Amino acid sequence: MKDLSKIREEIDQIDRQMVALYEARMNLAAEVAEYKISVGKPVLDKEREKEKLQKVQGLVQAEENRYGVGELFQQIMALSRKRQYQMMVQHGQGRDMGFSQVGKLPFSSHKVVYQGAEGAYSQLAMQAYFGKEIDSYHVKSWRNAMEAISSGEADYAVLPIENSSAGIVGENFDLLVEYDNCIVAEQTIKVEHALLGLPGSGISDITHVYSHPQALMQSVDFLDGHKDWKLVETENTAFAAKKVLKDGKCNQAAIASTVTADIYGLNILKDNINYSDENSTRFIIVSGKKICLKGAKKISICFEASHESGSLYHMLSHFIFNNLNMVKIESRPIKDKSFEYRFFVDMEGNLEDAAVQNALKGLKEGALYLKVLGNY
């Protein structure tokens, strides 16, 4: 039996050879890239790669190494593609993302739309970002808000996208794909739910509680102490408060913000009923124009990967190769495609960064669908 140190010396020698061969192969990949750039040929050639994998696996003598050799060459070819994407971007291919950079978002003489009614958390987020003097109006649904900026009726829309306790607002992720609007900014506000009732009513009178599903979920610990109450979902917390006021029944209560109580003249029967003191909701500011601020540091994209083994891994590898920090990933089911998903990713960076352009070039060629949702 060989001494362990001797075995390691031999491994080191082979590793040096592998590094030299890898560098030689990547130099050839660069030559391939130059040719493809000159003739306008795409980097990814799935049939060629499939044939190559079969060929190299056929060279294996020990059957137990066949899978490993296939995986090794898959990685080598993926790295080769990424190097070629870098070169294509350096030659000016893939730079135009369709976005116009601006020094600041134009606010004056512009109209903002939000979903809900006066006192909704969306309105609070809007005022936190734009200020209280902004020209604004509200609509019934998130889709109505997206339609308003898409048609030019409004310039910006404010939409909730995720809550720190209840998770994402899935419908708004889907609307970002459906409409050709883009995210231009974000605003996070703290959520402080209260139980609101008519003047003169008390908690002992309550039998029905109205609110948005996420607000009900965020107040579950408090509501679990009142199992006899009937919980009724509404489109918005402010809508719930309006209903309680309109119906005028002392047995009804709404879960909404304390600001809403002041607006509609309701009493705060119990404040701070959400189960987390750190509960907050992130809202996105969406525009019908494809614009982004100069120096923006966050990018949101969505993509669809082929429904086969390793496809998501290969897509995400573009972030690693280009040293990009992916800060969030979510998935949503694709309509009319059973058990297939669309992925939403937030990453750090600017659309003008070479590393970002390299990654997006690779993602675009490897994905079934890719959309940049915004740089903000």
Side-chain angles (χ1 to χ4, degrees), residues 112-128 132 136-145 158-172 187-283:
V112 183
V113 61
Y114 63 93
Q115 182 269 344
E118 191 177 359
Y121 280 104
S122 292
Q123 184 191 34
L124 302 183
M126 178 193 69
Q127 293 176 345
K132 293 186 177 181
S136 67
Y137 69 102
H138 53 80
V139 291
K140 186 175 182 180
S141 69
W142 295 317
R143 178 176 292 277
N144 293 154
V158 180
L159 303 174
I161 198 69
E162 68 173 326
N163 177 267
S164 58
S165 299
I168 67 170
V169 184
E171 182 181 343
N172 285 339
Q187 177 69 48
T188 300
I189 63 168
K190 187 175 181 181
V191 174
E192 295 179 319
H193 292 317
L195 185 70
L196 313 181
L198 291 172
S201 65
I203 289 183
S204 60
D205 300 315
I206 303 305
T207 61
H208 290 66
V209 175
Y210 299 86
S211 196
H212 185 270
Q214 282 205 334
L216 295 172
M217 188 186 307
Q218 293 155 14
S219 308
V220 65
D221 287 354
F222 170 75
L223 294 173
D224 279 347
H226 302 275
K227 296 287 190 180
D228 55 324
W229 289 355
K230 182 178 180 180
L231 307 181
V232 184
E233 295 182 357
T234 61
E235 293 177 279
N236 186 275
T237 55
F239 285 156
K242 287 183 69 175
K243 177 176 176 54
V244 170
L245 179 64
K246 180 181 178 181
D247 290 353
K249 297 179 179 180
C250 289
N251 67 319
Q252 294 183 354
I255 293 177
S257 69
T258 54
V259 173
T260 308
D262 294 335
I263 292 172
Y264 295 105
L266 298 176
N267 279 358
I268 298 175
L269 305 181
K270 179 70 175 179
D271 60 5
N272 295 321
I273 64 172
N274 43 295
Y275 59 75
S276 173
D277 290 337
E278 302 302 319
N279 190 11
S280 60
T281 297
R282 181 167 70 96
F283 291 81

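Keep in mind that this is a model prediction, so the values were computed, not measured.
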Novice: Kindly compute the distance separating NZ (Lys230) from CG (Asn251), expressed to the nearest 0.5 Å.
Specialist: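 That separation rounds to 11.5 Å.
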Novice: Over all heavy atoms of both residues, which pair between Leu216 and Leu223 is shortest? Give the atoms and the distance, please.
Specialist: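 Here Leu216 and Leu223 meet closest at O-CD1, 3.6 Å.
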Novice: Distance from Lys242 atom NZ to Thr237 atom OG1, nearest 0.5 Å?
Specialist: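 So the gap between those two atoms works out to 12.0 Å.
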Novice: Ignoring hydrogens, what is the shortest heavy-atom contact between Val139 and Phe239? Give both atom names and the distance.
Specialist: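 Scanning both residues completely, I find the closest heavy atoms to be O-CZ, 4.5 Å.
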Novice: Which pair of heavy atoms, one from Pro160 and one from Asn172, lies closest together, and at what distance?
Specialist: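 The pair with the smallest heavy-atom distance is O-ND2, 2.6 Å.
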Novice: Mind listing the closest non-hydrogen atom pair of Asn279 and Ser165 along with its distance?
Specialist: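 Heavy atoms of Asn279 and Ser165 come nearest at OD1-OG, 3.5 Å.
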Novice: Would you list the atom pairs, donor with acceptor, under 3.5 Å between side chains in residues 191-206 and any protein atom, with sequence neighbours excluded?
Specialist:
from, atom 1, to, atom 2, distance (Å)
His193, ND1, Tyr121, OH, 3.1
His193, NE2, Gln218, OE1, 2.6
Ser201, OG, Leu198, N, 3.3
Ser201, OG, Leu198, O, 2.6
Asp205, OD2, Gly202, N, 2.7

Novice: Gln115 side chain to Glu235 main-chain N or O, any donor-acceptor pair under 3.5 Å?
Specialist: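 Present.
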Novice: Roughly how far apart are Asp221 CG and Asn274 CG, rounded to 0.5 Å?
Specialist: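 The CG atom of Asp221 sits 10.0 Å away from the CG atom of Asn274.
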Novice: Go through the structure and list residues passing side chain to side chain contact (heavy atoms under 4.5 Å, CB included) with Asp247, not counting sequence neighbours.
Specialist: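 Scan of Asp247 (side chain to side chain contact (heavy atoms under 4.5 Å, CB included), adjacent residues dropped) gives Lys243, Lys249, Gln252.
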Novice: Tell me, please, which residues at least two apart from Asp224 pass side chain to side chain contact (heavy atoms under 4.5 Å, CB included).
Specialist: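 Side chain to side chain contact (heavy atoms under 4.5 Å, CB included) list for Asp224, sorted by chain: Val220, Lys227.
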Novice: Rounded to the nearest 0.5 Å, what's the gap from CE on Met217 to CD on Glu233? Could you check?
Specialist: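 Atom-to-atom, Met217:CE and Glu233:CD are 8.5 Å apart.
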Novice: With sequence neighbours left out, what residues match Arg282 under salt bridge (Lys or Arg N to Asp or Glu O under 4.0 Å)?
Specialist: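 Residues passing salt bridge (Lys or Arg N to Asp or Glu O under 4.0 Å) with Arg282: Glu162, Glu186, Asp346.
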Novice: Please report the closest heavy-atom contact between Ile189 and Ala128, naming both atoms and the distance.
Specialist: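 Reported closest heavy-atom pair: CG2-CB, 4.3 Å.
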Novice: Can you give me the closest heavy-atom contact between Ala238 and Ala120, atom names plus distance?
Specialist: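 That closest heavy-atom pairing would be CB-N, 3.6 Å.
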Novice: Would you give the length of the straight line joining atom OG1 of Thr281 to atom CD of Gln214, rounded to the nearest 0.5 angstrom?
Specialist: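 One finds 6.5 Å between OG1 of Thr281 and CD of Gln214.
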Novice: Does any pair with a residue in residues 195-219 pass ring-ring contact (aromatic ring centres under 6.0 Å, His included), and if so which ones, sequence neighbours excluded?
Specialist: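 Residue pairs passing ring-ring contact (aromatic ring centres under 6.0 Å, His included), neighbours aside: Trp142-His212.
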Novice: Indicate every side-chain donor-acceptor pair of residues 258-273 with a distance under 3.5 Å to a residue at least two apart or in another chain.
Specialist:
from, atom 1, to, atom 2, distance (Å)
Thr260, OG1, Gly119, O, 2.8
Thr260, OG1, Ser257, OG, 2.8
Tyr264, OH, Glu118, O, 2.7

Novice: Would you call the rings of Phe222 and His226 parallel, tilted or perpendicular, taking 30° and 60° as the class edges?
Specialist: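 Phe222 and His226: tilted rings.
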